[in-house]
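Comments concern the structure below.
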There are 2 protein chains.
Amino acid sequence: METRISEIEKWEQFLREKGYKLTPERRVVLEEIFSHHGHFHAEELYRRIKSRRKRKVSLATIYRTLPLLVESGIIREVMRCEGRGIYEHIWGEKHHDHLVCMRCGKVIEFYDERIERLQQDICKKYGFHPVEYRLGIKGYCQECQSKVK
Amino acid sequence: METRISEIEKWEQFLREKGYKLTPERRVVLEEIFSHHGHFHAEELYRRIKSRRKRKVSLATIYRTLPLLVESGIIREVMRCEGRGIYEHIWGEKHHDHLVCMRCGKVIEFYDERIERLQQDICKKYGFHPVEYRLGIKGYCQECQSKVK
DNA sequence: ATCAGTGCAAAGGATTTGCATTACA
DNA sequence: TGTAATGCAAATCCTTTGCACTGAT
């Protein structure tokens, strides 16, 4: 049976390995991210922390922390929407990909084991050490197809 | 035997369908894009046109044209690098995906028929009408793996 | 002739950064 | 204690936009 360390343990481990410090801010950011499911962006995370946590974290620190979380494999940038980076936490989650409707903005998440395996095959073939997979398909969802010019 | 219309014909057709005009600027942008292979961003395209073409095109027009070219399926945004959108032309090209090294920035293009098919399967399953597929894998290339902390 | 398209320069907006201050290790 | 991290505000920088002018249909 596979045991997986928690996101906070992963975070601590990553920071320690890199010689970074585990500050209260970094802890709060992680906690807040894992207190919700779904997608978020920097500004939104900032507002959530501001309204729900004792320890406030500045937007600058959020922006400085997100790349570290990505590097550690705890979150990833899923896509970019209206100029903003959209993230989701992936630690402890089953990997999945996205269908994004270009008209209504709806996001359908899907998982396909075969695609996952093929991606790994590709990396092996090129001797590439993957950190982040990202498959996104843009188009029109069932409801919107008839409404597009 | 499959015949495919040229990029300029495709461009004309798209603009006509949408009721847009084929201006000299739009023509030059398309021509310049197809005069090179590989990736480009807005600023770079602007400079290329400025130095190589009689008809200059402003950066604003470039920025207004790129989304139309994406919408028409002639080019696509491949990724985002240092805050900039990176594009490539896809009309008449075999679809492919990318491995991007997080250390040296090297981009490996690959093509896998099975992945293409699976993506189509997924869309069918969800009744989704795809416009743009994008699979990118970030990580470390063979040379860089040993150099990462 | 009309109305979309263009260039210019100014505006916008997400993200980054310099610097003084704070606080982990 | 020393050095990295934080907060603030200013700076960046890609991209968008308002407006007057030009030109394609």
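Proteins get letters first, then strands, A, B, ... in listed order; numbering begins at 1 in each.
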Can you check the [X] [atom1] to [N] [atom2] distance for me, whole Å?
{"X": "B:Glu82", "N": "D:dC14", "atom1": "CD", "atom2": "P", "value": "9 Å"}
{"X": "B:Leu59", "N": "C:dA11", "atom1": "CG", "atom2": "P", "value": "18 Å"}
{"X": "A:Tyr46", "N": "C:dG13", "atom1": "OH", "atom2": "C1'", "value": "16 Å"}
{"X": "B:Leu66", "N": "D:dT15", "atom1": "CG", "atom2": "P", "value": "9 Å"}
{"X": "A:Tyr20", "N": "D:dT6", "atom1": "OH", "atom2": "P", "value": "12 Å"}
{"X": "B:Leu45", "N": "D:dC14", "atom1": "CG", "atom2": "P", "value": "15 Å"}
{"X": "B:Lys18", "N": "D:dT25", "atom1": "NZ", "atom2": "P", "value": "18 Å"}
{"X": "A:Arg64", "N": "C:dT15", "atom1": "CZ", "atom2": "C1'", "value": "11 Å"}

Which nucleotide wins on minimum distance to the side chain of [X], given the candidates [options]?
{"X": "B:Arg84", "options": "D:dG7, D:dC14, D:dA5", "answer": "D:dC14"}
{"X": "B:Lys21", "options": "C:dT6, D:dG7, C:dC3", "answer": "C:dC3"}
{"X": "A:Glu25", "options": "D:dT6, C:dG5, C:dT17", "answer": "D:dT6"}
{"X": "B:Tyr63", "options": "D:dC8, C:dT15, D:dT16", "answer": "D:dT16"}
{"X": "B:Arg26", "options": "C:dT15, D:dA5, C:dT6", "answer": "C:dT6"}

* Counting just side-chain N and O atoms, does A:Thr23 come under 4.0 Å of either OP1 or OP2 of D:dT6? ->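 Yes, because at least one side-chain N or O of A:Thr23 sits under 4.0 Å from OP1 or OP2 of D:dT6.
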* To do: Ignoring backbone atoms, establish whether A:Thr61 has a side-chain N or O less than 4.0 Å from OP1 or OP2 of D:dG7.
  => yes
[X] and [Y] ion-paired at < 4.0 Å:
{"X": "A:Glu71", "Y": "A:Lys18", "answer": "yes"}
{"X": "B:Arg52", "Y": "B:Glu32", "answer": "yes"}
{"X": "B:Glu31", "Y": "B:Arg53", "answer": "yes"}

* How would you label the contact of A:Arg80 with the nucleic acid (heavy atoms, under 4.0 Å): base, sugar-phosphate, or nothing? ->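 Here A:Arg80 touches the backbone only, sparing every base.
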* B:Glu43 or B:Leu22, whichever maps to the more 5' nucleotide of DNA chain D ->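 This one resolves to B:Glu43.
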* Which comes earlier along DNA chain D counting from the 5' end, the contact point of B:Ala42 or that of A:Ser58, where each point is its nearest nucleotide? ->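 The 5'-side residue here is A:Ser58.
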* Could you tell me whether the side chain of A:Arg134 and the main chain of A:Glu77 form a donor-acceptor pair under 3.5 Å? =>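 Pair found, side chain donor or acceptor close to backbone of A:Glu77.
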* A:Gln145 side chain to B:His129 side chain, donor-acceptor N/O pair below 3.5 angstrom ->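 No.
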